[in-house]
Amino acid sequence: MSDTVSDTTAEADFVVVSNRLPVDRSPDDEGWRRSPGGLVAALEPVLQSTGGAWVGWPGQSDLDLEPFAFDGMELVPVALSAQDVELFYEGFSNDTIWPLYHDVISPPTYHREWWDAYVRVNERFARAAASVAASGATIWVHDYQLQLVPRLLRELRPDVVIGYFHHIPFPAYGIYSQLPWRRQVLEGLLGSDVIGFQRAADAGNFATAVRRQLGYETKAGAIRVPTADGARTAVARAYPISIDAAVYDELARRPDVQARAREIRAELGDPAVVLFGVDRLDYTKGIGHRLKAYGELLTEQRLDKTEVTLVQVASPSRERVTAYMQLRDEIELAVGRINGDHDTVGHSAIRYLHHAYPREEMVALYLAADVMLVTALRDGMNLVAKEYVASRVDGRGVLVLSEFAGAADELTQAIRVNPHDIEGLKDAIMTAVEMPVAEQRRRMRALRRRVRDHDVAGWSRTFLADLETARR
Ligand code: G6P
């Protein structure tokens, strides 16, 4: 919460550009609240110390606001009309790029009208960033909604240094090449000095696409981009994002949060085993696969239905996009079937919660969960996996983690699964449920060390250091 909101129009040496501003309108519509999430936590200190600005959409259509100061950062709102939201955000960003980049788990839709809106809105973001950046500023652009911004910015402001971080996967060439505007998107990204990806594989896929589509030379993450007077180098490499691990650790040590964790277990009827899943309600998360495996374990009586509960938090997301509406129907049908088959009057097989929760409650849920299920079919990183680990100050708990989540590269002491292999997933869940405490502790110790030593502050430091090198 903050009330330090005032008008400002300073020039900024450091500018962050992302689709969403790091604040939400509070429900009473009376002011702004900081959005949850690590990106704000990581970048806020940098913005505060440099007098930086953050350019983004305030999250509601037709909200045309002047720049304002918030907690020592200058926020520069970019207005989106209802039509922009439909064509640029719900359309091209979330029904073309999102499914395409997540290995076409859901079929991407290609509409020329959506592309036109994507170009138009990317131009608007680029102009807004160009207008607040001081001479020689550092500009850091984020994510798939804004892939054209780096090049547009370079045209508007050749004096600035431009970084881009891609929070989601970058697909293999055979998939990427479906995109009718594949060249324009690559050229857009190559406007950057440094292009960051979650996994080395994503950076490799990008370099391949650049070679095949544009014929540019790429060597160990350095890409030679031809210019009017020769060539410049763009760097493409992996910078796995993380969380503010200390915040989760601190919350998990708080007596009230620990008491809440015990209370959650009691409210669930003190089952012997609590399984936990938490995701945005998105088809990339493999929630259906998880439910299928769990339902079969109950039917086959490998899990004792009187002794186990799965808590599934599915936070509402992109609810006006058809694929998300269909997914919600499928998931809720599956939950209803499993509960109908296995519930008793006093006990539920699945507690399904279609809400988002504050961080304290999430940490209490992590502490209450014996087994955390992350079964994404494709995921850039999956920060829930890292949050679970950071919250287990007691050294207990088991993480089941999909090999298709970026986090699998780092969290090697998790139980690794291929969520498409339902039998394998069932076996992995049983291994997790039956894991001796000593082994839980051994694995959790290594996982916690990794997350503690590679937090989100380190991530942004490393990226920004490479950007400084690029400047020189
Ligand atoms: C993913 C994306 C973010 C996006 C978030 C929430 O994490 O990488 O760019 O902001 O999902 O999605 P939304 O469409 O609500 O912004």
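All of these numbers come straight from a predicted model, not from anything done at the bench. One-based numbering, in listed order, for ligands and for the atoms of each.
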Report yes or no: is the cationic atom of [X] (NZ for Lys, CZ for Arg) under 6.0 Å from the centre of the six-membered ring of [Y], at an angle within 45° of the ring normal?
| X | Y | value |
| --- | --- | --- |
| Arg318 | Trp98 | yes |
| Arg211 | Tyr173 | no |
| Arg237 | Tyr239 | yes |

Problem set entry | Per-atom contact, atom 7 (O) of ligand 1, protein heavy atoms, under 4.0 angstrom | no
Going by the order shown, which atoms of ligand 1 are within less than 4.0 Å of some heavy atom of [X]?
| X | value |
| --- | --- |
| His167 | 8 (O) |
| Asp143 | 2 (C), 3 (C), 8 (O), 9 (O) |
| Ile168 | 8 (O) |
| Arg20 | 13 (P), 15 (O), 16 (O) |

For this session: Report yes if Asn19 has an N/O atom closer than 3.5 Å to an N/O atom of ligand 1; otherwise report no.
Result: no
Problem set entry | ligand 1 to Tyr89 polar contact by distance, N or O atoms, under 3.5 Å |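 Between Tyr89 and ligand 1, an N or O pair is found under 3.5 Å apart.
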Problem set entry | Heavy-atom proximity to atom 12 (O) of ligand 1, best of Arg280, Arg318, His142 |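 When every heavy atom of Arg280, Arg318, His142 is considered, Arg318 comes closest to atom 12 (O) of ligand 1.
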For this session: Using a 4.5 Å cut-off on heavy atoms from C-beta on, say whether the side chain of Leu21 contacts that of Trp57.
Result: no
For this session: Tell me whether the centres of the aromatic rings in Trp115 and His111 are closer together than 6.0 Å.
Result: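 No; His111 has its ring centre 6.0 Å or more from that of Trp115.
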Exercise. What about the rings of Phe165 and Trp459, do their centers lie closer together than 6.0 Å?
Worked result: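 Between Phe165 and Trp459, the centre distance is under 6.0 Å.
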